[in-house]
Amino acid sequence: MKKYDYKKVEKKWQKFWEKNKPFRAEDGNKKEKYYYLVEFPYPSGEGLHVGHVRSYTALDIMARKKRIQGFNVLYPIGWDAFGLPAENYAIKTGKHPKKVTEENVKVYKNQIQSLGISFDWDREINTTDPEYYKWTQWIFLQLYKKGLAYKKKMPINWCPSCKIGLANEEVVDGKCERCDAEAEKKEMEQWMLKITEYADRLIEDLETVDYLDKIKTQQINWIGRSEGSDIDFEVKDFDDRIKVFTTRPDTLFGATFMVLSPEHELVNKITTSKQEKEVIKYQEQAGKKSDLERTELQKEKTGVFTGAYAINPVNKKKIPIWIADYVLASYGYGAIMAVPAHDQRDFEFANKYKLEIEQVISPMFIDDINPPQEGFDEVCRDTVLAFVRDKKTKKYALLDWHGTLDGITTTVMGGIDDGEDPEKAARKELAEEAGLENVTLIKKSNWITEAKYCASHKKENRHAKAHAFLFEVENLDKQKEIPEKEQKIHTLYWVKEDEVEGKLVPPHQKFVWQQILEETALTQGGHLMNSGKYDGMNVGECIENITKWLDKQNLGKKATNYHLRDWVFSRQHYWGEPIPMVYCEVCGWVPLKEEDLPLELPMVEKYLPTDTGESPLASIEDWVKTTCPKCKGKARRETDTMPNWAGSSWYFLRYIDPKNTEQFADMDKLKYWTPVDLYNGGMEHTTLHLLYSRFWHKFLYDQGLVPTSEPYQRRVSHGMILAPDNQKMSKSRGNVINPDEIVNEYGADTLRIYEMFMGPYDQPVSWDTNGLRGVKKFLDKVWASRDKQNKQDSKEVVALLHKTIQKVTEDIDKMHFNTAVSAMMIFVNKIQETGCTKETFEKFIILLSPFAPHLAEELFSALGEKGSVAEQSWPSFDKSKVASEQIEIPVQVNGKIRDKLSVSADISEAELKKLALDSEKVQKFLEGKKPKKVIYVKGRLLSIVV
RNA sequence: GCCUCGGUGGCGGAAUUGGUAGACGCGCUGGACUUAAAAUCCAGUGGUUGUAUAAACCGUGCCGGUUCGAUUCCGGCCCGAGGCACCA
């Protein structure tokens with residue numbers, strides 16, 4: 001028999017596909033559509049990565065299967081070709097980025113085609129094509145017209161060595177990606193997109209889509225919405241007010257000073273002449289610091305007093321105003337009210353500069369235990385046990401409280417427990433004391449011991465939890481009773497599930513909390529104290545009431561803040577889409593007319609940015625000089641270009657109608673194809689690309705330009721492929737696996753299946769060349785199996801075939817490719833042994849065809865069939881055929897397997913029981929006793945309890 | 001510090017409405033074929049004990065719980081990976 005010549009066969013079918021275009025998606029088709037999308041690659045000089053192969057193959061398998069199942073599938077590809085590497089290469093070599101990009105695209109295209117990925121090449125797009133970026137510019141103009149694009153002076157990352165503005169992504173560890181010089185901050189006018197206007201919808205609409213949970217949470221965290229209040233503070237002796245944002249308006253009575261960021265606009269105005277020198281010096285220092293330094297130096301807070309005072313609106317107290325760089329200019333209003341007792345950062349700052357600390361929240365609260373709370377055991381209501389550990393001696397003691405909790409009587413019970421595991425001892429103690437079956441001590445921290453137990457009653461099987469926060473206990477070693485005054489027990493409350501609310505019980509609170517405040521701020525909830533009429537309220541109530549009051553006084557109102565910032569849309573680079581705006585001395589910023597798009601990138605001589613930090617375009621005088629579209633007067637073009645997130649924010653729409661010259665895509669076609677049913681991409685794009693494109697899409701939706709408010713129905717993410725040494729593949733490490741070499745040595749089908757078989761699709765895996773050989777062996781076995789034809793299939797083979805069909809079909813849908821491959825291996829191992837009919841084998845080939853399309857096509861035609869595997873229909877399975885007649889039932893005695901009985905599948909329970917009890921092996925373990933209970937799980941197992 | 005995910009043989013991993021833990025593949029060991037090697041094929045392969053083709057015990061990060069039965073459910077802890085991070 002001839003050996004399978006993968007090189008020849010793969011070429012043959014690739015040519016066939018190129019010529020016959022069986023993977024073309026058809027517009028206006030009556031069939032149900034399916035849109036699969038992979039992130040289009042940046043065609044770098046390094047060529048395709050094995051990571052690309054993993055995701056392209058995975059979706060290729062799904063697309064091929066869906067086509068065989070009769071769907072109209074759109075699976076397109078294109079090139080995200082604007083970007084820095086091409087420009088850097090141009091700077092080095094003088095070769096035009098366009099040229100470089102063209103060459104790289106060619107390489108990529110060849111590589112992808114050599115893998116047999118079923119992309120619809122008729123829809124290939126390229127973001128650097130003027131016919132494409134015409135529409136990127138057009139969308140920008142729409143954003144501008146709706147007020148969502150604006151120009152703003154803001155600090156950008158600046159590389160003093162390259163003399164160029166850097167995008168955040170180009171700053172790695174605070175350094176310039178290209179030259180390793182430390183990046184600085186520089187104020188520059190930048191185009192911004194108001195993504196923050198969509199922040200709420202970007203969170204809320206996540207509920208309507210099917211993304212992996214980790215993607216959703218990452219997006220939510222990135223947007224970082226927090227609810228709170230804006231509060232105005234009057235500045236003493238000035239008419240100005242300082243506005244702050246806080247999530248804890250309840251702590252307002254504890255606001256003992258204010259802190260402004262060094263960049264705050266009021267700083268210079270309010271600073272007293274006495275403090276002026278110091279303040280200016282501090283501002284200068286802060287300005288010089290890069291982001292890196294600011295965050296690195298977070299251990300020690302620094303700041304300067306301005307000499308000015310503000311008035312706390314609730315108690316009219318005069319509080320000092322400081323500046324410090326731990327307050328960020330870019331979040332909220334760049335100013336805070338400092339509540340040192342209840343905020344860790346303010347606490348540290350206050351301690352350092354000896355500022356007043358006023359406690360206004362008492363975390364001491366306790367539930368009313370009488371009458372009993374629903375869900376709590378009697379025992380749990382009046383017994384709490386926890387540990388205390390002596391700070392000096394590091395020894396443990398047990399504490400036990402009895403009686404009602406507001407008149408706590410405390411006795412030291414277990415005494416010092418030297419050496420013995422305190423957890424175990426405590427558990428034992430409590431178990432005995434409280435008559436509980438078991439008790440688990442849950443948490444203990446350094447010198448504050450936090451204990452929590454969960455207990456359950458044997459009979460009722462109910463759970464109850466309690467917390468006991470304990471301080472070190474003095475005179476522990478003497479084991480004497482601790483006088484009530486000296487008890488440093490400060491918190492004790494019952495919790496039901498996650499609820500942490502209760503009523504205030506105030507004994508010893510001052511004493512206790514002064515102790516703890518020496519070390520840390522009290523950031524947890526509790527009840528108000530030292531807060532006038534709000535005393536005794538819990539945090540939630542207080543926030544509600546105090547906000548109402550502030551609103552009435554016109555001093556504050558509810559507010560929401562986000563970590564998400566507006567999108568900096570300007571880049572001082574050449575190789576990007578020109579921003580279609582001109583600056584007219586008379587009219588200001590004026591957009592180009594839509595009919596003048598695209599605004600094409602002009603040819604330049606030098607790609608290096610100018611000394612002023614402007615893009616290379618700025619040096620092309622005759623391009624920059626233009627006339628104002630509005631007044632026809634003198635005007636200058638914007639020389640910044642768009643970031644490369646621009647073209648990728650809407651590319652999936654262009655695939656739908658790639659050649660349309662009238663609009664970015666036709667509405668009817670959009671209605672048919674959107675949304676993308678499945679979008680695959682890396683986790684690294686979760687917070688940038690994915691968020692940006694959702695934002696653009698929502699904007700287009702609001703303008704009535706697309707039919708859906710979300711672009712992607714489902715988003716999945718592939719795990720990274722690591723090098724055999726478990727490291728990230730990188731040129732510098734020299735551990736990169738080149739897919740071309742693998743295709744050459746093992747064939748594309750082997751590479752495809754290997755990458756699917758390596759491990760779960762969504763998890764990282766490391767490369768193992770030996771695994772590749774195993775897959776090759778499997779495909780050779782498949783090829784050899786075509787000679788093992790029988791006239792009839794055994795029942796066993798029929799059952800296995802149906803099982804395999806079911807497994808493969810379901811696993812592809814679930815993206816469990818590794819187990820699908822495993823199922824096919826099992827099938828082939830079987831028919832290698834026994835052979836099968838031609839019909840059975842052909843069904844198997846169809847199952848295999850999405851994974852190994854070349855081999856499948858070749859086998860299909862070698863079996864004398866005409867046409868392509870892709871034109872067949874997907875095999876169906878019959879569950880009734882999967883079940884075999886003889887089954888093996890394990891028999892357990894007291895939970896351990898003692899025997900296995902081979903019986904017919906339809907055996908009755910009584911019969912099986914008899915068989916089992918008669919079994920010698922089972923008898924042995926019954927030891928003559930009578931079984932208490934016999935449990936039969938149909939078709940699975942029999943369990944005997946003695 | 002916060003958020004998310006994970007921890008199963010020598011390795012990648014399989015098994016979840018709780019029901020035979022280790023499928024499939026790699027590697028390793030032994031054998032067949034060969035002058036030899038590669039390739040291929042056959043057998044074995046979690047650990048300990050063992051009368052070693054019988055059988056028993058242990059075993060899914062750790063400690064407990066629920067259950068006839070837990071990798072799976074519950075409580076806590078430890079370790080690892082990723083993301084965010086002076087966000088008021």
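Quick note on labels: first sequence line is chain A, next is B, and so on, each numbered from 1. Since the structure is predicted, the reported quantities are computational estimates derived from the model, not experimental observations.
- The residue Ser330(A) sits apart from the nucleic acid: no heavy atom pair falls under 4.0 Å.
- Between C68(B) and Lys933(A), a contact under 4.0 Å exists linking OP1 or OP2 to a side-chain N or O.
- In the set A88(B), C41(B), C68(B), the nucleotide with an atom closest to the side chain of Thr246(A) is A88(B).
- Side chain of Tyr282(A) to main chain of Asp325(A): a donor-acceptor pair is present (N/O by atom type, distance under 3.5 Å, no hydrogens or angles).
- Looking only at distances, no side-chain donor or acceptor of Ser822(A) sits under 3.5 Å from a matching main-chain atom of Asn818(A).
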For nucleotides 9-13 of chain B, give me every protein contact, N/O to N/O, under 3.5 Å, one pair per line with atom names.
unit_1, atom_1, unit_2, atom_2, d
G12(B), O2', Met758(A), O, 2.5

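- Look at the C1' atom in both A14(B) and U67(B): the space between them is 25 Å, to the nearest Å.
- For Ala335(A) and Val945(A), each mapped to the nucleotide of RNA chain B holding its nearest heavy atom, the one lying further toward the 5' end belongs to Val945(A).
- Side-chain contact check for Leu690(A) versus Gln219(A): some heavy-atom pair is nearer than 4.5 Å.
- With P as the reference atom, G65(B) and U17(B) are 25 Å apart, rounded to whole Å.
- One interatomic measurement links the two molecules: CG of Asp762(A) to C1' of G82(B), which rounds to 13 Å at whole-angstrom precision.
- Applying the side-chain contact (heavy atoms from CB on, under 4.5 Å) test between Glu755(A) and each of Trp767(A), Tyr761(A), Phe817(A) identifies Trp767(A) as the sole match.
- In this entry the distance linking NZ of Lys777(A) with P of G25(B) reads 9 Å, nearest Å.
- Using a 3.5 Å distance cut-off with no hydrogens or angles, the side chains of Tyr211(A) and Thr686(A) do not pair a donor with an acceptor.
- Phe349(A) does not carry Lys301(A) over the face of its six-membered ring by the limits of under 6.0 Å from the centre and within 45° of the normal.
- Among Asn561(A), Thr560(A), Asp200(A), the one residue that satisfies the side-chain hydrogen bond (donor to acceptor under 3.5 Å, both in side chains) test with Arg225(A) is Asp200(A).
- Nucleic acid contact class of Gly774(A) (heavy atoms, under 4.0 Å, all strands): sugar-phosphate only.
- Ser330(A) and Arg565(A) form a side-chain donor-acceptor contact under 3.5 Å, judged by distance and modelled atom types alone.
- Looking at Asn829(A) and Lys781(A), their side chains do bring a donor and an acceptor atom within 3.5 Å of each other.
- For the C1' atoms, the distance from G46(B) to C11(B) is 13 Å, rounded to whole Å.
- For the P atoms, the distance linking U16(B) with G22(B) amounts to 13 Å, nearest Å.
- Under a 3.5 Å cut-off, the side chain of Thr246(A) and the backbone N or O of Arg248(A) do form a donor-acceptor pair.
- Checked by atom type and distance alone, the side chain of Asn735(A) never pairs as donor or acceptor with a backbone atom of Ala723(A) at under 3.5 Å.
- Residue Gln218(A) is the one, among Ile336(A) and Gln218(A), whose nearest nucleotide of RNA chain B lies closer to the 5' end (criterion: closest heavy atom).
- When heavy atoms are screened at a 4.0 angstrom cut-off, Asn770(A) is found touching the sugar-phosphate backbone but no base atom.
- Met683(A) has its CE atom 10 Å from the P atom of C84(B), to the nearest Å.
- When rounded to the nearest whole Å, the span between CZ of Phe347(A) and C1' of C86(B) equals 16 Å.
- Remark: C1' of G6(B) and CE of Met720(A) are 15 Å apart, rounded to the nearest angstrom.
- With a glycosidic angle no further than 90° from 0, G9(B) counts as syn.
- Partner of Phe257(A) under the side-chain contact (heavy atoms from CB on, under 4.5 Å) criterion, chosen from Leu355(A), Val339(A), Asn312(A): Leu355(A).
- Summarising the local packing, CE of Met683(A) is surrounded by more than 12 heavy atoms from other residues, nucleotides or ligands at distances under 6.0 Å.
- Rounded to whole angstrom, the span from the OH atom of Tyr936(A) across to the P atom of G69(B) amounts to 21 Å.
- Nucleotides A21(B) and C58(B) have their P atoms positioned 13 Å apart, rounded to a whole Å.
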Point to revise | Secondary structure of RNA chain B in dot-bracket form (Watson-Crick or G-U wobble, distances below 3.5 Å, | marking inter-strand pairs) | key: (((((((..(((......[....)))((((((.......))))))((((.....))))..(((((..]....))))))))))))....
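- Aromatic ring orientation, Trp783(A) versus Tyr4(A): tilted (interplanar angle from 30° to 60°).
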Protein-nucleotides 16-21 of chain B N/O pairs under 3.5 Å:
unit_1, atom_1, unit_2, atom_2, d
G19(B), O2', Arg940(A), NE, 3.4
G19(B), N2, Gln892(A), OE1, 2.8
U20(B), O2, Lys900(A), NZ, 2.9

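- Between the base of C86(B) and the side chain of Lys301(A) there is a donor-acceptor pair shorter than 3.5 Å.
- When the C1' atom is compared between C73(B) and C2(B), the two are found 27 Å apart, to the nearest whole Å.
- Judged purely by atom type and a 3.5 angstrom limit, Arg54(A) uses its side chain to pair as donor or acceptor with the backbone of Gly719(A).
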Might you list the N or O atoms of the protein lying below 3.5 Å from N or O atoms in nucleotides 56-60 of chain B, with each pair's distance?
unit_1, atom_1, unit_2, atom_2, d
C57(B), OP1, Arg898(A), NH2, 3.3
C57(B), OP2, Arg898(A), NH1, 3.1
C58(B), OP2, Lys896(A), NZ, 3.1

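- Put simply, CZ on Arg773(A) is 18 Å from C1' on C24(B), counting in whole angstrom units.
- A distance of about 25 Å separates the P atoms of G82(B) and G10(B), rounded to the whole Å.
- With hydrogens and angles disregarded, a donor-acceptor distance shorter than 3.5 Å links the side chain of His342(A) to the backbone of Val360(A).
- Shown for residues 824-832 of chain A: residues whose heavy atoms fall under 4.0 angstrom of RNA chain B, namely Met825(A), Ile826(A), Asn829(A).
- Scored by the ring pair (Phe, Tyr, Trp, His ring centres under 6.0 Å) test, Phe851(A) finds no partners at all (sequence neighbours excluded).
- With both ends at atom C1', the span from U71(B) to G13(B) equals 14 Å, rounded to whole Å.
- Looking only at side-chain heavy atoms (C-beta outward), Pro313(A) and Leu252(A) come within less than 4.5 Å of each other.
- At whole-Å resolution of the value, CH2 in Trp222(A) and P in G83(B) are 11 Å apart.
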